[in-house]
Student: 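Before anything else, here's the structure in question.
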Amino acid sequence: MTETHSSPGPAQFPVGLAPKWEPVAVEAALYQEWVERGDFTADASSDRPPFSIVIPPPNVTGVLHMGHALDHTLMDTLTRRRRMQGYEALWLPGMDHAGIATQTVVERELASEGKSRHDLGREEFVRRVWQWKAQSGGQISQQMRRLGDGVDWSRERFTMDEGLSRAVQTIFKRLYDDDLIYRAERIINWCPRCQTALSDIEVEHSEDEGELVSIRYGEGDSSIVVATTRAETMLGDTAVAVHPEDERYRHLVGTEVELPLTGRRIPIVADEHVDPEFGTGAVKVTPSHDPNDFEIGQRHGLPNLTVLDERGVITAAGPFEGLDRFEARPAIVAALRAEGRIVAEKRPYLHAVGHCERCGTVVEPRLSKQWFVNVGPLAKAAGDAVRDGRTRIHPPEMAKRYFSWVDNLHDWCISRQLWWGHRIPVWYGPDGEMRCVGPGEEPPTGEGWHQETDVLDTWFSSALWPFSTLGWPEKTPDLERFYPTSVLVTGYDILFFWVARMMMFGLYAMDGAQPFNDVFLHGLVRDSTGKKMSKSKGNSIDPLEWLDRYGADALRFTLARGANPGADEAVAEEWAAGARNFGTKLWNASRFALMNGANTSTPLPDRAELTDADRWILDRLDTVVAGVDELFERFEFGKACDTLYHFVWDEFCDWYLELAKTQLNGDEARATATRAVLGHTLDATLRLLHPVMPFITEVVWRELTGGQALDRAAWPVPSGATPDVEAERRIDDLRKLVTEVRRFRSDQGLKPGQRVDARLTGTAVDRLADQLVAARALTRLDEPGDGFAPTVSLEVGLASGEMTVEIDTSGAVDVEAERKRLTKDLAAAEKELAGCEKKLGNPAFTEKAPPEVRAKIEARRETAEVDIRRLRERLAGLPG
RNA sequence: GGGCGCAUAGCUCAGUGGGAGAGCACUCGCCUUACAAGCGAGGGGUCGUAGGUUCGAACCCUACUGCGCCCA
């Protein structure tokens, strides 16, 4: 496939790269090649150290969004790096069955045919869902290929597949037998649209506008006023409650009042839970439709009266029967008003309202029989694993959220009134028996036995993911080898939904072995102004569009470069274009290097035979290799990418390649050495960039090395050479000299391409003798010819000494521009000097500051003094 | 109400005790033989406010203001 980018035929040096890098033309085929060669397939029997990541399973209904793209880029980067480091690296892909979402999709499809799931029946409906999955589900797995995800497709799993279903049944049975799963009648969160129970964390609270209505119950002296935001539930009231210490109502406690509109008489009870400060200090008690009221009801032995059905429709007999809860509310208030019972109304009234996380419908607290996980011991273990440091959470501030959640956890409602999902393996007998059936066991047969109709929360099966995907409950080689997984990478927004639950179940199922050693929680991807992306705001960016326009490497680099631990990241199209430009830069630099014979087959010459520029770039490379490695190790993706970006662009391209040009024009030995340094530096750089930008680096690397698989090549390590600080200083001087001359030329209005004669003098000339050819080339200054007549001059202070550059501009001299420049530089130098002198003149500073700081300030003072003297002389010497 | 976090250039963000940085945007000059998706040069910030600690604070402490998130 590199053929498409290679010009055929033998050449003395490879000259293979096309003039332009066109990612979309190459990516798919290259990815296919990696997969077919088995580069991503882990071998459980190898003797390499294991490294494993399980993917946060995307929904089977899902398509790739920016959050996935970020998450996957980071996981792929970690995995590819470990693979290069010689680990047996497994990144295991898969999807979850997304109970509510998937059922909704298929029901919608049925609705368009005029049918409901009940028309089909359970078995046929489930068959239909599988059919839907085969045809339209899992689009994301194709999109992951476009991103370049190096996952082991041979191990792809789905939460509803046979093995994982067996894992679900196994752990359910085990938890049931350990009394960690139970069935009970409780107030749960009910979504009237999805028609199912939800767990506490599937409810999103928001401050919504509602109304606060004060209603008078009873008559005369014995009447009492209650305030409520849910007037419609008054039909189900079975008491009024006040605080026991509340003097206002003490005389009423124990009496009864008549509940308006119903004629029922209900007691007034005293309960500590009531807040005397809220409203009138008296609250209506509706045990069937409010969790707090339910508890008050339990304490006082009140009856539970259900007045709303599963659709949120009034069931209480009477004029309101059949009204939806939101229609019933004004109707009931109107009826009460007609009776003169409305004492006060506050509208709008802001209060917290729970919404279904999936569909946004207002959640209805509902009394019903559900299945729960008794989380006590599980949550304790999950907290301890992090407290003990067996699992490390990054960034560490997130651990506080984790603890506050697992340490204050309510039992988890796991039953869902859906058809798509793992059906609860419990059978009910004719005489009220209940039997939990484990895998391989025969369910009870006979008259009156039937299976529970509810299925389990999707997160229940997701919580098993790190071990169910590896074959649990069987003791498979994969499980032996890859559990605990090395690191879990996901957004902090699903810390509770998923991470904490995996901890609970992993520790339980695996005899106390944690599911992962590290948890890396990244931020959320936001739009260019930092707002959360959402469909309703219309500010979502489709990563597939960026893949089309800029290629996978650019998308990945954009997201990885913006990933700073603990922070969300904003992205915009310009960012992606910048990343694409970086790829282009790397491509062009590589093309130049290859055209000039860069190679990795020539060994690097001894350092003594290298130039300052060679030693400088190699030393810088060593620093970058060590730095980038360390940054990746600490999940500092953004900084690692930034380091590479600046090394490639600002050092390798802007300076080394330019210096290499003069070296390549030198004698054959110099040219050969330069080709080796170019090749070596490029080689290591490509390896470092490969985990983040796998495609372009692979293509270039093959041209450079003739190798076949950068994804299996070794991760670079520092050479161990002692850095040549003198060479670095001279190169720094060279860079400063060149920049100063360019600045001067720019000020003087000399065109960049215009060659002028110049004479170099000063103490630095001899010390930088080896750099002067390059310096002249980079500044387009020629050796002075006959009749050289300098018209302007420039003095540059360098670490190696001073350099005076006298230039023949052939007449035109812009004195004012130079005066302006010198004045500005002088002001800066004077400010610097003043700052240094202030410090050094302060006895407290000279006594207390560390010697190295003092020495540094003294050196700065000296530099400033020299600069000031030089600048003043120059200014004085200007004509006019 | 409890907890966590953030406030640095026009925008998005690094920087966590000792010379204010990057990317993008902006200005000027360039088709300079790898690259105009580029090259060269440049402008731009009382580091949210007020105190405190320190020889020295963008950085540490306190309060305040504003914003965001999580939980109740």
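We name chains A, B, ... by the order of the sequence lines, and we start the count at 1 in each one. We use all heavy atoms of the structure for the numbers below, so side chains are in, but hydrogens, waters and symmetry mates are not.
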Student: Please give the distance between the C1' atoms of B:U16 and B:G5 as a whole number of Å.
Tutor: 16 Å
Student: What residues form a side chain to side chain donor-acceptor pair (under 3.5 Å) with A:Asp650, not counting sequence neighbours?
Tutor: A:His646
Student: Could you pick out which residue, A:Asp527 or A:Thr739, lies toward the 5' side of RNA chain B when each is mapped onto its nearest nucleotide?
Tutor: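 Counting from the 5' end, the first nearest nucleotide belongs to A:Asp527.
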Student: Between atom CG in A:Asn189 and atom C1' in B:A72, what is the gap in whole Å?
Tutor: 14 Å
Student: Mind checking the C1' distance from B:A34 to B:C39? Whole angstroms is fine.
Tutor: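 Comparing C1' positions in B:A34 and B:C39 gives a spacing of 12 Å.
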Student: Considering only the C1' atoms, how many Å lie between B:C59 and B:G2, rounded to the nearest integer?
Tutor: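 These two C1' atoms come out 29 Å apart once rounded.
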Student: Using atom C1' of each nucleotide, how far apart are B:U8 and B:G44 to the nearest Å?
Tutor: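 Taking atom C1' in both B:U8 and B:G44, they lie 14 Å apart.
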Student: Kindly state whether the ring of A:Phe582 and the ring of A:Tyr550 have centres lying under 6.0 angstrom apart.
Tutor: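 That pair fails the under 6.0 Å test.
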Student: Is the phosphate of B:C39 approached by A:Lys585 (side-chain N or O, under 4.0 Å from OP1 or OP2)?
Tutor: yes
Student: Counting only Watson-Crick or G-U wobble pairs whose two distances fall under 3.5 Å, which nucleotide matches B:G38?
Tutor: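 Its partner is B:C30 (Watson-Crick or G-U wobble, both distances under 3.5 Å).
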Student: Return the nearest nucleotide to the side chain of A:Arg401; candidates are B:G42, B:C55, B:C69.
Tutor: B:C69
Student: Is it the case that more than 12 heavy atoms not belonging to A:Lys380 sit under 6.0 Å from its NZ atom?
Tutor: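 No, not enclosed.
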Student: Quantified in whole Å, what is the C1' atom distance between nucleotide B:A20 and nucleotide B:C35?
Tutor: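 The same atom, C1', in both gives a distance of 32 Å.
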Student: On RNA chain B, check which nucleotide each of A:Asp747 and A:Asn581 is closest to and give me the residue with the more 5' one.
Tutor: A:Asn581
Student: Which value, in whole Å, describes the distance between the P atoms of nucleotides B:A9 and B:A14?
Tutor: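 Approximately 12 Å lies between the P atom of B:A9 and that of B:A14.
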Student: With rounding to whole Å, what would you report as the distance between B:G21 and B:U46 at their P atoms?
Tutor: 15 Å
Student: Send over the distance from A:Arg743 CZ to B:A41 P, rounded to a whole Å.
Tutor: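 The answer, rounded to whole Å, is 10 Å.
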Student: Considering residues at least two apart in sequence or located in another chain, which fulfil the side-chain contact (heavy atoms from CB on, under 4.5 Å) criterion with A:Tyr402?
Tutor: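 Counting only residues at least two positions away or on another chain, A:Tyr402 forms a side-chain contact (heavy atoms from CB on, under 4.5 Å) with A:Ala382, A:Val386, A:Ile393, A:Val406, A:Leu495, A:Ala500, A:Met503.
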Student: Taking the same atom, P, in B:C55 and in B:G23, what whole-Å distance lies between them?
Tutor: 38 Å
Student: For A:His394, which of A:Phe635, A:Phe637, A:Phe520, A:Tyr492 qualifies under ring pair (Phe, Tyr, Trp, His ring centres under 6.0 Å)?
Tutor: A:Phe635
Student: Does A:Ala570 reach a base, just sugar-phosphate, or nothing at all? Heavy atoms under 4.0 Å.
Tutor: sugar-phosphate
Student: Spell out yes or no: do the side chain of A:Lys400 and the base of B:C4 have one donor N/O and one acceptor N/O closer than 3.5 Å?
Tutor: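 Absent.
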